[in-house]
Protein chains: 2
Amino acid sequence: MNAELQNQTAELLRGTQEVLVESELVKKITRGTPLRIKAGFDPTAPDLHLGHTVLINKMRQFQNFGHEVTFLIGDFTGMIGDPTGRNATRPPLTREQVEANAKTYQEQIFKILDPERTRVDFNSRWFGPMSAAGLIEIAGRHTVARMLERDDFAKRYKGGQPIAIHEFLYPLVQGYDSVALRSDVELGGTDQKFNLLVGRQLQETYGQEPQIVMTMPLLEGLDGVNKMSKSLGNYIGINEPADTQFGKLMSISDELMWRYFELLSFRPLADVAALRKSVAEGRNPRDVKFELGIEIVDRFHGAGAGARSRDAFIARFQQGHVPEKIESVTLTTDGAPQRLANVLKNAGLVASTSDGNRMIDQGAVRLGSTPENLEKVAGRDHSLGAGTHLLQVGKHKFRWVTLKAG
Amino acid sequence: MNAELQNQTAELLRGTQEVLVESELVKKITRGTPLRIKAGFDPTAPDLHLGHTVLINKMRQFQNFGHEVTFLIGDFTGMIGDPTGRNATRPPLTREQVEANAKTYQEQIFKILDPERTRVDFNSRWFGPMSAAGLIEIAGRHTVARMLERDDFAKRYKGGQPIAIHEFLYPLVQGYDSVALRSDVELGGTDQKFNLLVGRQLQETYGQEPQIVMTMPLLEGLDGVNKMSKSLGNYIGINEPADTQFGKLMSISDELMWRYFELLSFRPLADVAALRKSVAEGRNPRDVKFELGIEIVDRFHGAGAGARSRDAFIARFQQGHVPEKIESVTLTTDGAPQRLANVLKNAGLVASTSDGNRMIDQGAVRLGSTPENLEKVAGRDHSLGAGTHLLQVGKHKFRWVTLKAG
């Protein structure tokens with residue numbers, strides 16, 4: 001294998017959770033012909049954050065190496081909904097909703113993917129016209145025992161919780177998508193591993209070379225502990241304002257910064273290694289974090305936006321209002337809104353709740369979701385719900401506080 | 001309930017193995033409106049014997065009471081065949097084969113059923129146009145756990161033998177047939193009980209009144225022990241000659257005769273009770289058996305045929321060649337053809353194989369499949385395969401001998 005292919009392999013393996021089977025991936029890459037990369041997405045309306053982009057970034061990497069990427073929207077099952085009728089929150093989608101959602105997807109993913117080299121496809125293209133007999137034919141290619149090996153099925157079966165029979169068909173539908181696309185590699189989250197393997201097995205029964213299964217890890221949120229998620233509030237949305245994205249990125253730990261470089265940055269592995277070395281040799285990690293922030297903000301707000309956000313960020317420091325680095329703390333609650341004075345105490349910003357109430361009375365407590373929108377809290381009755389909040393007490397005490405139902 | 005409905009209920013319950021739920025059947029009958037009766041049949045070419053007619057007789061009974069009978073041919077799955085490809089003996093049927101087989105069926109069943117009041121239907125009528133999405137919708141109405149309760153599935157799953165997922169769909173297909181037909185009662189063999197219950201459950205999810213599940217027992221063959229089957233040779237085919245049918249019926253035990261009256265005769269229960277009483281009071285059971293033989297032969301060969309067969313049967317006795325009653329014996333073999341002298345000895349017709357060979361040499365052994373076609377055996381090399389044979393040694397020794405691979 002030449003140096004170029006070695007580099008390609010290393011970049012494609014970068015940040016992956018699991019690759020089944022790595023040697024087959026190497027073999028396919030070595031052939032030198034473009035590979036067909038498949039990644040499936042729910043047809044529900046997306047509002048993506050950086051956690052979602054880990055997978056899309058990997059798709060982009062494949063594109064950069066000349067491979068063909070299919071962004072597959074699983075609208076066939078989405079338009080069926082939940083036939084058991086138990087799940088009222090999952091009503092069947094209409095064709096119009098699917099198309100509107102696809103448009104919303106594209107507006108977001110094309111901030112990362114090259115539109116010229118991305119095929120957006122819908123599995124209703126082959127499953128819509130398929131007959132019941134065709135589906136039975138597919139179902140004959142997999143066994144009940146194998147399906148019951150999937151963790152959640154195994155648990156529910158053993159625990160006496162019902163599994164509707166159509167739930168055994170959905171992994172087959174997803175697997176057959178790989179047959180229809182003749183995919184060489186399928187990307188997915190770690191929770192998708194079983195379904196991705198079904199695709200691999202089905203392809204073999206159709207005489208196709210089985211796809212490589214490549215799973216990507218869940219990205220840690222700003223707290224560095226929990227997975228990034230809207231409901232935890234520890235996220236960076238790709239549609240958030242540039243300064244908000246930049247500010248949130250500046251709040252992460254140095255350790256988490258390297259994880260984000262691995263999964264969110266397109267800088268070559270060699271560059272990242274060099275940055276690591278420079279920090280080890282004494283460079284201020286803040287400056288390296290600036291580079292990460294600039295790259296991410298540029299991606300979602302256009303070239304130059306990152307540098308502007310960095311300058312605004314520095315200006316705020318020089319005014320002395322917001323420190324360069326703000327500590328984060330996660331507090332577990334009973335799910336109910338928490339009185340502000342209690343939060344201040346538990347976050348270590350005041351010595352006691354009465355101390356906290358006094359500071360509120362004096363107008364010395366400010367609250368916001370970013371350093372830019374901090375505002376004075378009016379009175380002691382203020383409560384905080386689940387999510388991440390930025391709190392300031394007096395001139396110099398700042399804390400990112402994440403409240404999480406325990 | 002009036003006397004007429006009481007009688008109808010008693011006749012419909014006659015000979016049944018299981019009725020789920022009997023009280024619901026009574027309720028439906030009491031309404032007085034015609035019920036929709038469903039019975040499903042394989043689309044493979046049939047060659048029916050009296051064992052198969054137990055179910056068809058029950059359909060006829062329903063017709064006699066004014067109910068609507070659907071003879072449903074399950075051609076939809078028959079035209080799919082075995083998608084696993086493991087079963088080379090079950091290739092998919094073509095539309096032409098299905099139609100030819102349906103014609104063969106009708107020629108046979110209309111010797112029992114009233115063609116004017118029988119609807120012959122095919123489940124491809126609703127499953128042929130059904131989409132994959134439609135089938136998924138049905139699959140959402142049943143659970144994996146319930147399906148794994150079926151005896152053969154449970155055994156195979158526990159034993160580590162593969163169950164292909166489409167095998168879970170076939171009972172749903174059969175069950176949905178009941179929904180499509182809105183059936184009030186489904187008839188089937190005892191081995192079909194599980195699938196019939198699936199129909200009952202599916203109907204409930206579609207808001208229909210669940211069908212009554214009525215299973216019929218397997219008919220014992222001429223030996224009175226094993227179920228009637230071609231391969232055991234203990235059968236009476238509905239296309240066999242009149243005298244053969246009559247002769248075979250005369251060979252059954254008196255006990256088995258009452259079983260056949262229950263499951264094969266259309267004589268009212270009161271008549272059968274009267275016949276039983278007459279025998280208990282001293283009437284020759286042979287004369288009662290004549291009545292059964294006449295009814296059955298008339299059914300398949302037209303009115304009058306039974307009486308002619310009886311007269312021919314009596315004439316043979318008066319000639320002294322064939323006794324009125326011939327004993328039956330079943331011999332278990334290794335599957336290979338058996339030398340005649342050995343069979344004669346094991347059947348108790350001769351004292352030893354050398355004795356047997358001597359009788360063959362003397363031309364004193366005759367062989368046939370009915371009393372009418374007995375012929376002298378040419379030499380000692382003669383062997384007998386599996387099946388039922390009639391053997392005569394000398395003038396007076398007769399035996400029905402069934403050879404069966406053990």
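Sequence lines set the chain letters: A, B, ... in the order given, protein chains first and strands last, and positions in each chain run from 1.
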**Report entry** Best-contacting candidate, A:Gly134, A:Gly160, A:Gly128, A:Ala133, against chain B by heavy atom pairs under 4.5 angstrom
**Finding:**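 Answer, by heavy-atom pair count under 4.5 Å with chain B: A:Ala133.
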
Query raised in the report: When heavy-atom pairs shorter than 4.5 Å are enumerated against chain B, which of A:Leu148, A:Val173, A:Leu172 gives the highest number?
Result: A:Leu148

Working to the nearest 0.5 Å, report the span between [atom1] of [X] and [atom2] of [Y].
X: B:Ile165; Y: A:Arg146; atom1: CD1; atom2: CZ; value: 10.0 Å
X: B:Thr143; Y: A:Arg156; atom1: OG1; atom2: CZ; value: 10.5 Å
X: A:His166; Y: B:His142; atom1: NE2; atom2: NE2; value: 14.0 Å

Requested in this report: Examine whether an atom of B:Ile136 lies under 4.5 Å from a heavy atom of chain A, and if so say whether it belongs to the side chain, the backbone or both; otherwise answer neither.
Outcome: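 Both backbone and side chain.
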
Query raised in the report: Non-hydrogen atoms of chain A under 4.5 Å away: do they reach the side chain of B:Met79, the backbone, both or neither?
Result: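 Looking at B:Met79, nothing touches chain A.
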
Query raised in the report: Between A:Ala164 and B:Gly140, which heavy-atom pair has the shortest distance, and what is it?
Result: CB-O, 3.9 Å

Report task. Please report the closest heavy-atom contact between A:Ala139 and B:Leu169, naming both atoms and the distance. Result -> CB-CD1, 3.8 Å

Query raised in the report: Is chain B contacted by the side chain of A:Ile138, its backbone, both, or neither, given a heavy-atom distance below 4.5 Å?
Result: neither

Query - Choice from B:Phe127, B:Phe153, B:Tyr157 maximising heavy atom contacts with chain A below 4.5 Å - result: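 Max contact count across the listed options: B:Tyr157.
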
Query raised in the report: Does atom CZ of B:Arg95 have more than 12 heavy-atom neighbours from other groups under 6.0 Å away?
Result: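 Atom CZ in B:Arg95 is crowded, with more than 12 foreign heavy atoms closer than 6.0 Å.
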
